[in-house]
Participant: 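Pasting a structure below so you can have a look.
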Amino acid sequence: MYNQFLKGIPFLKDLPDHVIGDLSAKVKIATYKKGEFIYHETDLAKAVFFVKSGLVKIKTINHEGKEFVISIKRAGNVFAETSLFVDKPATYSGTAKATEKTEVLFILSSDLEEIISMNPSLAVEIIRMMGKQLRFSTSILRDVALLDIYSKTVKTIERLAHEFGTKTNDEVKIEVPLTIQDLANIIGSTRESVSRVVSKLKKQDLVTVDEKTIIINNWDDFREMFVNS
């Protein structure tokens with residue numbers, strides 16, 4: 001039933017049809033309204049999710065109550081894959097929330113692990129996918145730990161443009177609604193600090209910020225600023 005969608009997911013696209021069929025037979029679908037939680041980080045980790053449509057924000061909150069956005073997932077992305085291959089019981093590594101009307105497919109971790117055990121090709125692709133995610137997360141954590149607030153902000157906007165940007169001539173529009181507070185939560189800084197950096201970028205005519213929209217006015221100029229930051 002969901003074969004075509006699953007085939008469109010990058011790390012599944014090269015798998016044999018019978019493996020896709022096994023996965024399709026086990027997945028279920030759920031719909032969430034804007035603002036609804038898909039799971040909390042205190043919930044037992046029981047499933048792996050695929051975004052069919054909409055947007056999902058994965059976040060965590062520290063002991064001081066400060067929110068940190070781990071990632072944003074869109075159609076075709078997988079999340080909660082860390083619920084695989086862990087000692088049970090285990091909880092999710094963050095809280096997942098729909099930021100607009102969202103459909104997700106999900107498969108129980110136990111079902112997916114059973115399919116993996118019978119299909120080495122699937123195991124290899126999942127290991128590759130998780131390795132890529134780990135490298136990506138490590139890069140973000142390195143930036144958070146080592147860069148100053150200006151460089152972190154510029155690099156985060158650049159990364160979001162790569163992930164969610166639509167290029168028109170010289171402009172790149174980030175196709176995810178983001179407030180300055182949202183950007184600060186992704187960077188791991190305060191709203192005031194990030195707002196000062198964004199104001200500087202606006203004065204330099206590098207970005208335009210309108211309500212929840214961020215537009216990079218000239219991608220080449222911005223990239224040059226990014227390299228020099």
Side-chain angles (χ1 to χ4, degrees), residues 1-61 67-141 163-164 176 186:
M1 184 177 181
Y2 301 110
N3 295 44
Q4 186 173 355
F5 172 77
L6 293 172
K7 261 294 193 186
I9 295 173
F11 79 94
L12 299 179
K13 64 183 178 64
D14 295 324
L15 292 175
D17 289 342
H18 74 272
V19 178
I20 296 296
D22 290 345
L23 292 170
S24 182
K26 292 292 185 179
V27 296
K28 298 179 176 63
I29 192 165
T31 302
Y32 297 89
K33 298 177 183 177
K34 179 181 178 179
E36 276 195 291
F37 291 98
I38 298 169
Y39 57 75
H40 293 83
E41 59 185 317
T42 53
D43 294 340
L44 289 178
K46 297 180 178 179
V48 176
F49 297 80
F50 306 92
V51 183
K52 191 170 186 292
S53 64
L55 284 172
V56 176
K57 179 169 67 175
I58 315 295
K59 64 178 184 176
T60 188
I61 298 177
E67 179 179 307
F68 180 75
V69 176
I70 300 171
S71 61
I72 299 172
K73 301 295 184 178
R74 61 177 176 177
N77 289 163
V78 60
F79 62 101
E81 69 277 8
T82 53
S83 65
L84 294 169
F85 316 125
V86 295
D87 292 333
K88 306 295 193 294
T91 57
Y92 290 108
S93 58
T95 293
K97 182 180 181 181
T99 61
E100 61 186 46
K101 183 180 178 181
T102 297
E103 278 190 321
V104 299
L105 299 182
F106 65 94
I107 181 170
L108 293 178
S109 301
S110 56
D111 288 338
L112 182 51
E113 288 175 1
E114 183 180 348
I115 296 172
I116 290 170
S117 69
M118 297 184 293
N119 296 280
S121 59
L122 175 57
V124 169
E125 293 302 327
I126 287 181
I127 291 168
R128 284 176 177 164
M129 178 271 293
M130 294 179 76
K132 182 178 179 181
Q133 295 279 39
L134 180 59
R135 289 193 300 273
F136 184 70
S137 298
T138 301
S139 174
I140 293 173
L141 289 174
E163 287 186 83
F164 305 106
V176 174
I186 294 171

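The structure displayed is predicted, hence computed values, not measured ones.
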Participant: Identify every side-chain donor-acceptor pair in residues 23-32 under 3.5 Å, counting partners at least two apart or on other chains, and give the distances.
Facilitator:
from: S24; atom 1: OG; to: M1; atom 2: N; distance (Å): 3.1
from: S24; atom 1: OG; to: Y2; atom 2: N; distance (Å): 2.9
from: S24; atom 1: OG; to: N3; atom 2: OD1; distance (Å): 2.9

Participant: Where do Q133 and V78 come nearest, in terms of heavy atoms and distance?
Facilitator: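 Nearest heavy atoms, Q133 then V78: NE2-O, 4.2 Å.
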Participant: Determine whether a donor-acceptor pair (N or O, by modelled atom type, separation under 3.5 Å) exists between the side chain of T91 and the backbone of T42.
Facilitator: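 Not at all, since once roles are kept as given, no pair shorter than 3.5 Å links the two residues.
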Participant: Could you report the tightest heavy-atom contact between T99 and K57, atom names first, then the distance?
Facilitator: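 Closest approach of T99 to K57: CG2-CB, 3.7 Å.
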Participant: Rounded to the nearest 0.5 Å, what separation is found between the NZ atom of K59 and the NE2 atom of H40?
Facilitator: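 Answer for the NZ-NE2 pair, K59 versus H40, is 7.5 Å.
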Participant: What closest approach, in Å, do A98 and K33 show between heavy atoms, and which atom pair accounts for it?
Facilitator: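 Closest heavy-atom pair between A98 and K33: CB-O, 3.6 Å.
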Participant: Identify the heavy atoms of A80 and V48 that sit nearest to each other, and give their distance.
Facilitator: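 For A80 versus V48, the nearest heavy atoms are O-CG2, 3.8 Å.
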Participant: Are the side chain of Y92 and the backbone N or O of A47 linked by a donor-acceptor pair below 3.5 Å?
Facilitator: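 Yes; judged by distance alone, with no hydrogens or angles, the pair exists.
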Participant: Counting only heavy atoms not in K88, do more than 12 sit closer than 6.0 Å to its NZ atom?
Facilitator: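 Above 12, so yes.
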Participant: Just how far is it from atom CZ of F5 to atom CD of E103, taken to the nearest 0.5 Å?
Facilitator: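 The distance works out to 9.5 Å.
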Participant: Would you check, one step at a time, whether the test side chain to side chain contact (heavy atoms under 4.5 Å, CB included) holds for V51 with R74?
Facilitator: CA-CA 6 Å; V51 183; R74 61 177 176 177; 5.5 Å; no
Participant: If you measure from CD1 on I107 to NZ on K46, what distance do you get to the nearest 0.5 Å?
Facilitator: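 Output value for this atom pair is 16.0 Å.
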Participant: Could you tell me if the side chain of E81 sits less than 4.5 Å from the side chain of I126, heavy atoms only?
Facilitator: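 Answer no - side chains too far apart.
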Participant: If only atom types and distance count, is the side chain of S109 paired as donor or acceptor with the main-chain N or O of L84 below 3.5 Å?
Facilitator: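 No, because the side chain of S109 does not come within donor-acceptor range (under 3.5 Å) of the backbone of L84.
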Participant: Please tell me if the side chains of K52 and L105 come closer than 4.5 Å, counting only heavy atoms from C-beta onward.
Facilitator: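 Result yes, sub-4.5 Å side-chain heavy-atom pair found.
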Participant: Supply the atom-to-atom distance I72 CD1 to N77 CG, rounded to the nearest 0.5 angstrom.
Facilitator: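 Going from CD1 on I72 over to CG on N77, the span is 10.5 Å.
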Participant: Kindly compute the distance separating CD1 (I115) from CG (L108), expressed to the nearest 0.5 Å.
Facilitator: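 Going from CD1 on I115 over to CG on L108, the span is 10.0 Å.
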Participant: Could you pull out all residues at least two apart from S137 that satisfy side-chain contact (heavy atoms from CB on, under 4.5 Å)?
Facilitator: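 In terms of side-chain contact (heavy atoms from CB on, under 4.5 Å), with neighbours along the sequence ignored, S137 is linked to no residue.
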Participant: Answer whether the closest heavy-atom distance between the side chains of K132 and R128 falls below 4.5 Å.
Facilitator: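 SC-SC contact between K132 and R128 ruled out.
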Participant: How many angstroms lie between OG1 in T95 and CD1 in I70, if you round to the nearest 0.5 Å?
Facilitator: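 The distance works out to 8.0 Å.
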Participant: Between side-chain atoms of residues 7-21 and protein atoms elsewhere (two or more places apart, or another chain), which donor-acceptor pairs fall under 3.5 Å?
Facilitator:
from: K7; atom 1: NZ; to: K13; atom 2: O; distance (Å): 3.0
from: K7; atom 1: NZ; to: L15; atom 2: O; distance (Å): 2.6
from: H18; atom 1: NE2; to: N119; atom 2: OD1; distance (Å): 3.4

Participant: Can you label the angle between the F79 ring and the F49 ring as parallel, tilted or perpendicular, going by 30° and 60°?
Facilitator: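 Taking F49 first and then F79, their aromatic rings lie parallel (interplane angle under 30°).
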Participant: Can you name the nearest heavy-atom pair linking S53 to T102, along with the distance?
Facilitator: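 Smallest heavy-atom distance, with atoms named: O-CG2, 3.1 Å.
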